[in-house]
A.B. asks: 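The structure that follows is given in the form of structure tokens.
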Number of protein chains: 2
Amino acid sequence: MSLKKDFHDYLSRFVNLKEEEISAFYRKATIRKLKKREHFVKAGEHCSNVLFTNSGYLRFYHLSENGNEITSDFYFAPSFITSYTSFITKSQSLVSVQAMQDMEVLEFSREDIYKLYAKYSTVQTIGRMIAEQVAINSERHLFLLLGQSAETRYKELMEKYPQHIQSIPLQYIASYLGITKESLSRIRKSIH
Amino acid sequence: MSLKKDFHDYLSRFVNLKEEEISAFYRKATIRKLKKREHFVKAGEHCSNVLFTNSGYLRFYHLSENGNEITSDFYFAPSFITSYTSFITKSQSLVSVQAMQDMEVLEFSREDIYKLYAKYSTVQTIGRMIAEQVAINSERHLFLLLGQSAETRYKELMEKYPQHIQSIPLQYIASYLGITKESLSRIRKSIH
DNA sequence: TGATTTTTTTAACAATTGTCAAATATATTC
DNA sequence: GAATATATTTGACAATTGTTAAAAAAATCA
């Protein structure tokens, strides 16, 4: 339940940190609350912060050609979250990042993160490992989309993340799978 | 033209390395030749190495539900290349990685890479930055796929990477865009 | 160069998925 | 709990994309 403890435990998944390193990291945090549907980043803005959350999940989305919201990703707690490309390349964010539930988060600035990288090589190891996870996650999503029918994509998602899928409204899952909510609704019907 | 010099130049894009660090890195390399169509990794194998190439490009692909080859990515020189998820998680590779042209490459083992990370923080910085690039690249591909028509996807790809697209056979671009080569052929016709 | 292989195009038809509009169902808020 | 907002389902129809098979074009190799 404690953000600080969960933050500590999460970091420990990656490397063994000395007490000093964890404290130095935690000291850079600003504690902040996000309400359900509140945005952490909006498309077009410049995202220069990283969040850590220990509860709930966030949704990444952008607008399609036709003006529909396309959900491109979900991040479930515990996790670090940022609009990755914007944060790294200091460019405008293509995606909006929205809290799907009320949550309390830690927020870190890019400046502080890079200072920590320079000072503590273990923190940079965490940074590298998180980048690797983001890459792996995107690769998985690409794989899901390329080369299989919508029905197969849905079934595969259900098999791999049954508990997560339950908590996400169908409309968001649909666009994550590259189809409309109407199509997904029909697929679900035809399966049962 | 020299692999060693190109390797050096490429690393220098990321951080300033001391002569000692570059040499230590380069000393771990095995020089190897890949013939056109030769595989660096085949799906199902365990990929425990990283390549560096200074010429040509490689293709990542897997088989679809229907047994078609689906190209999920291209890597153009100069670049580091590996079956990322397999390399990081020590799992079977889902993708095959194939040289599209004759090329000479440097090959590094995972063991050596991690030793370098531990010994030289600048090398780990390179590792982090490459992971970040892979993540950004996948995000860009996901964006291309989600929320726009096949025609728009093709046009966007053409606008952004005209020179690359020229050199890639259409059939591979098609599956990268999530469509068949026949569909892409029709789209090209309708545009001109 | 000529022969062979690979790649791209074309056409007819089938299957999948999207669009629009309305009806239900489910959640949320006061 | 009633009222409001949000989410899901349904149906009719349209548009897009896939499939198959064959022809044409381009690239590769001996």
Side-chain angles (χ1 to χ4, degrees), chain A residues 34-39 56-57 59 61 63-71 74 98-103 144-158 164-192, chain B residues 34-39 56-57 59 61 63-71 74 98-103 144-158 164-192:
Chain A
L34 288 178
K35 284 222 162 299
K36 183 170 181 174
R37 284 171 208 243
E38 188 176 341
H39 283 84
Y57 71 106
R59 175 173 85 95
Y61 74 91
L63 295 184
S64 76
E65 284 186 315
N66 314 323
N68 301 317
E69 285 188 1
I70 306 293
T71 298
F74 304 102
Q98 182 185 46
M100 297 298 281
Q101 289 161 17
D102 290 357
M103 55 176 72
L144 185 71
L145 289 171
L146 292 172
Q148 24 193 17
S149 68
E151 182 171 328
T152 307
R153 278 174 273 169
Y154 177 66
K155 283 181 180 168
E156 192 179 319
L157 198 65
M158 282 293 283
H164 283 170
I165 298 307
Q166 309 296 337
S167 57
I168 303 174
L170 167 143
Q171 56 177 324
Y172 303 133
I173 295 171
S175 58
Y176 183 86
L177 292 173
I179 56 177
T180 59
K181 58 189 190 303
E182 292 88 348
S183 286
L184 182 51
S185 183
R186 285 187 201 110
I187 286 169
R188 289 213 298 193
K189 190 183 177 188
S190 78
I191 287 178
H192 302 144
Chain B
L34 288 178
K35 284 224 162 299
K36 182 170 181 173
R37 282 170 209 242
E38 188 176 342
H39 283 85
Y57 71 106
R59 174 174 85 96
Y61 73 92
L63 296 183
S64 76
E65 284 186 315
N66 314 324
N68 301 317
E69 286 188 1
I70 305 292
T71 297
F74 304 101
Q98 183 186 44
M100 297 298 281
Q101 290 163 17
D102 291 355
M103 54 177 72
L144 187 70
L145 290 171
L146 293 173
Q148 23 193 18
S149 69
E151 182 171 328
T152 308
R153 279 174 271 169
Y154 176 67
K155 283 181 179 167
E156 193 180 319
L157 198 65
M158 283 292 282
H164 283 169
I165 297 307
Q166 309 295 337
S167 58
I168 303 174
L170 167 142
Q171 55 179 322
Y172 303 133
I173 294 172
S175 57
Y176 183 85
L177 292 174
I179 56 178
T180 61
K181 57 189 191 302
E182 292 87 351
S183 285
L184 182 52
S185 185
R186 282 185 210 115
I187 286 169
R188 288 214 297 193
K189 189 184 178 187
S190 79
I191 288 177
H192 302 144

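Labels below follow one simple rule: chain letters A, B, ... track the order of the sequence lines, proteins then strands, and each chain is numbered from 1.
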A.B. asks: If you compare all heavy atoms of A:L144 against all heavy atoms of A:R153, which two are closest, and at what distance to 0.1 Å?
C.D. replies: O-CG, 2.9 Å
A.B. asks: Assess, by modelled atom type and distance only, whether the side chains of A:R59 and A:Q98 contain a donor and an acceptor separated by less than 3.5 Å.
C.D. replies: yes
A.B. asks: Minimum heavy-atom separation for B:P169 to B:S167, with atom names?
C.D. replies: CD-O, 3.7 Å
A.B. asks: Send over the distance from A:Q171 CD to C:dG18 P, rounded to a whole Å.
C.D. replies: 15 Å
A.B. asks: Please list each protein N or O that sits under 3.5 Å from an N or O in nucleotides 11-20 of chain D, with the distance.
C.D. replies:
residue, atom, partner, partner atom, Å
D:dG11, O6, A:R186, NH2, 3.0
D:dA12, N6, A:R186, NH2, 3.2
D:dT17, OP1, B:A150, N, 3.1
D:dG18, OP2, B:T180, N, 3.2
D:dG18, OP2, B:T180, OG1, 3.2
D:dG18, OP2, B:S183, OG, 2.6
D:dT19, OP1, B:N66, ND2, 3.0
D:dT19, O4, B:R186, NH2, 2.7

A.B. asks: Atom OH of A:Y172 and atom C1' of D:dT8: how far apart are they, to the nearest Å?
C.D. replies: 12 Å
A.B. asks: B:R188 side chain N/O closer than 4.0 Å to the phosphate oxygens (OP1, OP2) of C:dT9?
C.D. replies: yes
A.B. asks: Rounded to the nearest Å, what distance is computed from the CD1 atom of residue B:I168 to the C1' atom of nucleotide C:dT7?
C.D. replies: 15 Å
A.B. asks: For the residue pair A:A150 and A:I179, what are the closest heavy atoms and their distance?
C.D. replies: CB-CG2, 3.7 Å
A.B. asks: CD of B:Q101 versus P of C:dT6: gap in Å, rounded?
C.D. replies: 17 Å
A.B. asks: If you take all heavy atoms of B:I173 and B:F74, which pair is closest and at what distance?
C.D. replies: N-CZ, 4.3 Å
A.B. asks: Just the rounded figure in Å: distance from P of C:dT8 to CD1 of B:I191.
C.D. replies: 16 Å
A.B. asks: Should the pair B:E151-B:K155 be classified as a salt bridge under the 4.0 Å nitrogen-to-oxygen rule?
C.D. replies: yes
